[in-house]
Amino acid sequence: MTTYNQPIPFSVTFAAGAIAGISEILTMYPLDVVKTRVQLQDNTAVGVDRYNGTLDCFKKIIKNEGFSRLYRGITAPILMEAPKRATKFAANDEWGKLYKTFFGATQMTQSISILTGATAGATESFIVVPFELVKIRLQDKASAGKYTGMIDVIQKTIKAEGVLAMYNGLESTLWRHIIWNAGYFGVIYQVKSLLPKRDTKQGQMMNDLTAGSIGGTFGTMLNTPADVVKSRIQNTVRVKGVIPKYNWTLPSIAMVAREEGFAALYKGFLPKVLRLGPGGGILLVVYTSVVDFYKQRREEKALAI
């Protein structure tokens, strides 16, 4: 009895997403540190605190703070990446099944892929917000001496701002993840439909790498303005009775554009796209490889019965 067309269990898609996420973060994390530093920089930064681009930021971090600073705050992302990416791919798979049933579709379409990706991004956002807040506050040079590590950030944030402060930036995170996932999964569907079919595992992997990289690049082009203001919102320490400068996504985007120019909304774009372009390819390749391994093992077991 063949099992080829049977659906993949949620536990398998969840585990595959977790493995893919950890693989991507271990490979690409220094670019995320650089991206955050550049995004947090406003027009007041001068001297060694002023970064004139991605390469300059890399050089100054290594020279003035040491190479290990490029991995500061990685504990939170590693702990986050498993549930984050697991939720991304598992939710995308589950929402895809739901939408196909709802719309009476027998297979995925471009529109359903975009809708599924957006919904998966919203689902993912609720998981990642506290981890993102910790990561950003550890990555910011201005707070380097304020926190000793992940637990210290959590304790000091809750003590000074309250428990709900761990979810500062939820609204901006929703915007960021909805936009990125819609672009990522929508483009993957389109690119895969245009690429020639491959008969070999290596050829299929190259298709996945290509589609995932293009999807990651496109998603990054769409969501960078939301990501810039999300970094600033989450890095702002809330003081009772004081309205923070960066609070909601759309007003913050308008403020940054007005005060620093439209280009400021794409601060950190180069390191971000260098990470999430190839990173999107790595995610898709690893995820697909784990799922294919499960399918192969399932088929072998079925044939052995």
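- No donor-acceptor contact under 3.5 angstrom links the side chains of Arg232 and Ser252, judged on distance only.
- Using a 3.5 Å distance cut-off with no hydrogens or angles, the side chains of Glu124 and Thr87 do not pair a donor with an acceptor.
- Using cut-offs of 30° and 60° on the angle between ring planes, the pair Tyr266 and Phe262 is tilted.
- Tested against Lys272, the residues Val38, Asp32, Asn223 include a single side chain to side chain contact (heavy atoms under 4.5 Å, CB included) partner, Asn223.
- Both Ile25 and Leu70 belong to a single network of hydrophobic side chains, linked directly or stepwise wherever heavy atoms of I, L, V, M, F, W or Y lie under 4.5 Å apart.
- Ring planes of Tyr184 and Phe89: perpendicular class, angle over 60° (limits at 30 and 60°).
- For the residue pair Lys88/Asn181, the side-chain donor-acceptor check at 3.5 Å is satisfied.
- For the ring pair (Phe, Tyr, Trp, His ring centres under 6.0 Å) condition, no pair includes a residue of residues 215-256, sequence neighbours left out.
- Using a cut-off of 4.0 Å between Lys/Arg side-chain N and Asp/Glu carboxylate O, Lys192 and Asp208 are scored as salt-bridged.
- Distance check: Gln234 CD to Asn168 CG gives 7.5 Å after rounding to the nearest 0.5 Å.
- Gly186 and Gln110 make their closest contact through O-NE2, 2.8 Å (heavy atoms, listed as atom of the first residue, atom of the second, distance).
- In this structure a side-chain-to-backbone donor-acceptor pair under 3.5 Å is present from Gln41 to Tyr51.
- Between Leu276 atom CG and Thr217 atom OG1 the span is 8.5 Å, to the nearest 0.5 Å.
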